[in-house]
**Student:** 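Before I ask anything, here is the structure I am working with.
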Amino acid sequence: MKPPYLDPNQPVNRRVEDLLSRMTIEEKIGQMCQYSGVTSKIEQMIREGKVGALLNVYGAAEVNRVQRIAVEESRLGIPLLFGLDVLHGYKTIFPIPLGLASTWDPEVVKRAASISAAEASSDGIKWTFAPMVDIARDPRWGRIAEGAGEDPYLGSVMARALVEGFQGPDLSNLSSLLACPKHYVAYGGAEGGRDYNTVDISERTLREIYLPPFKAAVKAGAGTIMSAFNDLNGIPASANPYTLKIILREEWGFKGFVVSDWNAIGELINHGIAGDIYEAAEKALKAGVDMDMQGDVYQRALLHLVKEGRVSEDLIDESVRRILEIKFKLGLFERPYADPERASQVIKREEHIRAALEVARKSIVLLKNEGNLLPLSKDLKTVAVVGPLSDDKEAPLGPWSCLGNPNDVVTVLEGVKRKISDKTRVLYAEGCDVVGGSREDFEEAVRLAEESDVAIVVVGESREMSGEAASRAYLDLPGLQEDLLKAVHATGTPIVMVLMNGRPLSISWAAEHIPSIIEAWFPGIQAGNAIADVIFGDYNPGGKIPVTFPRTVGQVPIYYNHKSTGRPPSPENKWTSKYIDVSYTPLFPFGHGLSYTRFEYSGLYISPQEVVKDQDIRITFRLKNVGDREGDEVAQLYVRDVVASVTRPVKELKGFRRVTLKPGEEKSVEFKLTLEDISFLNHELKRIVEPGEFKIMIGSSSEDIRLTGSFMVREYVEFPWK
Ligand code: NOJ
């Protein structure tokens, strides 16, 4: 007879307990260890039941081969969990997460995640190290590319959409992919924007800025969480019982398991809170880290710690239970293998490629369009496509390109050629490299621009310049790209500048001199088609930037939801909070993005005007397309608590909606605010709402406010949670 743990008709907890009761301590510890790649040594460990999960092993055939060792050759046949960084696509690559956030459209983001999940899981990957939900207010930090930008509300909406998209309604579905929100927590607050650096922030900032997207991801049902590399206020995040136990498990009720980031347990020694691997393992486990990614520390240390009585077997059991529970829920015991046939049908199917195009279009932000240079006509006589990223097949995949293949990428040059009439001549010159210092090819680029009606100049960062371990101290266009831009500009030919990059760049010169600027981020495999659709007007751009663009790196950190200060900046008064050598305002504010049409906001209605306990606040207004093209507007709702017992941000995003309107069409937009939405943490870190005035601002960006109003809260409210 089959043991209960192999019987799918038994409830999960029964199966977990049955299996646990049959495991040796070595096998239990094995479940808590994850390794990257397979070697013959790892294969032997799998046979001995000493490995619970792998990463960076992919492809149905290879996954099945390795899985067979676990299932058929290990004593208990516990299947391995295969993980991979599937952030914005598996083989069908979508825009980088910062681009996904620029859509301000959680439905399409969810769809991108569910397509990624379908592709990865068909190929044997059942676990993604995503979404990356770190808030980043410092664009020097390269990992800003992997997340949703600077705002906790937008970040939370995106976190939820991505978790729901990856995991689907039920983990046991064939196409679901277990999510792992990361990097818990405050990793994006690295001092100086330098990756892996120290984070020292107030508890208020932790709770109001960095935690909300994690909380949203947990509420959306994320099955795992990754503990981060960074030191947080003196306690590294991978050994931090306050964040891992009290907040994550006790306050939020998280039931899944926690995996460390890559060797983050071993690095506790470098942090200087552990003298050796034993102390590191003990601290991480006791803080609540269930699985050791690649560090080999749990493998080497835990048995010894149990034997010495420093760690109880009960504690080990707790972690193993959580890991096994997820494996049962994923259906791994029933379906440990991938079906290569199915994988070949699912991966890169046509509708996935179409979705990649749709999402890429939606992610594009029109930063500037002076004199309505854009959209261009398709019947121009000659167009020059210039710049090092014009025909680059790698960059559009972005820093976490997973298994994206450069050959699948449509470049801007290709996209433009496909789009334009056959009578138009398309000239192309690289001009210079992304980095490096030769001006040799400037001349050619200038000559072609001179011959052309318009020059499309594609500049930005190479894919290695953002992402992990890619912090920058300068935020300008790298290399000689700005000089190239200046040289082309000097010809007098109108320029459309297309940016591909993983972070906001300080492009002050361009913002002043170049009439049209498109922010495309790294748009994925459909890059060139999406960008050409925007340039030639087949798609009217509607994306908005999810992060502030500074004028210069010296303004960093600069973000829209800052405090007022006692001396808010004023151009007339020297003795206010600003700089003497650069403006205090951003180059492009959070939420900014233009369209080829215009929108009018009217009829703001707030009800009730006087809010008493438990009442929700309804905010409605009308949005009209007053131009002559169909277009999307992202209407944004900001709130300010005018007087409170602690200082509050000058505005906070509390709602948004991306609305599509035909020319002349008008729609009513409604937002609902609960009292919790406008609550804050008081001096004792209690979540409260204080009586008084709340200002409502509705606009097209955080600066372009079109409607204002207010309501009054009449009673004090206290919530039982933080
Ligand atoms: C380290 C990175 O910080 C993390 O984001 C990633 O998931 C792991 N490596 C695994 O690749």
Side-chain angles (χ1 to χ4, degrees), residues 33-38 42 51-58 80-90 96-98 100 113 116-117 120 125-136 141-148 155 159 162-163 166 177-190 193-199 210 213-214 217 222-232 236-238 256-268 270-271 284 289-297 397-404 463-464 466-471 502:
C33 299
Q34 179 180 40
Y35 294 92
S36 173
V38 263
I42 300 278
V51 180
L54 292 172
L55 73 154
N56 299 331
V57 175
Y58 44 79
L80 296 161
L81 179 54
F82 291 85
L84 193 67
D85 290 276
V86 183
L87 268 85
H88 53 108
Y90 180 68
I96 57 167
L98 199 58
L100 293 178
S116 313
I125 299 297
K126 290 303 287 175
W127 188 18
T128 176
F129 304 116
M132 192 285 222
V133 301
D134 294 317
I135 295 299
W141 191 53
R143 304 201 78 169
I144 196 170
E146 299 175 48
L162 288 163
V163 170
F166 286 132
L177 185 61
L178 174 65
C180 185
K182 65 187 186 184
H183 307 81
Y184 192 71
V185 56
Y187 181 39
R194 216 180 75 207
D195 206 3
Y196 317 120
N197 203 7
T198 309
V199 178
Y210 293 98
F214 284 97
T224 67
I225 294 268
M226 185 186 294
S227 67
F229 289 129
N230 56 284
D231 173 3
L232 173 62
S238 288
F257 73 82
V258 175
V259 63
S260 76
D261 201 342
W262 184 287
N263 193 34
I265 301 175
E267 289 168 16
L268 296 175
N270 282 346
H271 276 294
V289 179
D290 302 302
M291 188 183 278
D292 174 3
M293 180 193 283
Q294 182 62 13
D296 204 32
V297 173
L397 295 173
W400 265 129
S401 53
C402 202
L403 304 189
R463 67 198 272 202
E464 304 79 35
S466 58
E468 189 179 350
S471 295

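Note that ligands are numbered from 1 as they come in the structure, with each ligand's atoms numbered from 1 the same way.
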**Student:** Counting only heavy atoms, which portion of Glu468 has something under 4.0 Å from ligand 1: side chain, backbone, both, or neither?
**Tutor:** side chain
**Student:** Do we see a donor-acceptor contact under 3.5 Å between the side chains of Tyr196 and Glu267?
**Tutor:** no
**Student:** For Trp262, is at least one N or O under 3.5 Å away from an N or O on ligand 1?
**Tutor:** no
**Student:** Give the atoms of ligand 1, by number and element, whose distance to some non-hydrogen atom of Leu55 is under 4.0 Å.
**Tutor:** 10 (C), 11 (O)
**Student:** With a 4.0 Å heavy-atom cut-off (strictly under), which part of Arg143 contacts ligand 1: side chain, backbone, both or neither?
**Tutor:** side chain
**Student:** Out of Asp85, Ile144, Leu98, Leu87, which one pairs with Met132 under the side-chain contact (heavy atoms from CB on, under 4.5 Å) rule?
**Tutor:** Leu87
**Student:** Which one holds for Asn56 and ligand 1: side chain close, backbone close, both close, or neither close, with close meaning a heavy atom under 4.0 Å?
**Tutor:** neither
**Student:** Is the closest heavy atom of Gln294 to ligand 1 under 4.0 Å?
**Tutor:** no
**Student:** Over 60° means perpendicular and under 30° means parallel, so tell me whether Phe229 and Tyr187 are parallel, tilted or perpendicular.
**Tutor:** perpendicular
**Student:** Mark up the atoms of ligand 1 that fall under 4.0 Å of a heavy atom belonging to Trp400, in ascending order.
**Tutor:** 11 (O)
**Student:** May I ask whether Met226 places a heavy atom under 4.0 Å from ligand 1?
**Tutor:** yes
**Student:** Under a 4.0 angstrom heavy-atom cut-off, which atoms of ligand 1 come close to Phe129?
**Tutor:** 7 (O)
**Student:** Which of the numbered atoms in ligand 1 are under 4.0 angstrom from any heavy atom belonging to Lys182?
**Tutor:** 4 (C), 5 (O), 6 (C), 7 (O)
**Student:** Short list, please: which atoms of ligand 1 are under 4.0 Å from a heavy atom of His183?
**Tutor:** 3 (O), 4 (C), 5 (O)
**Student:** Run the side chain to side chain contact (heavy atoms under 4.5 Å, CB included) check on Glu146 and Ile96 step by step: do they pass?
**Tutor:** CA-CA 6 Å; Glu146 299 175 48; Ile96 57 167; over 6 Å; no
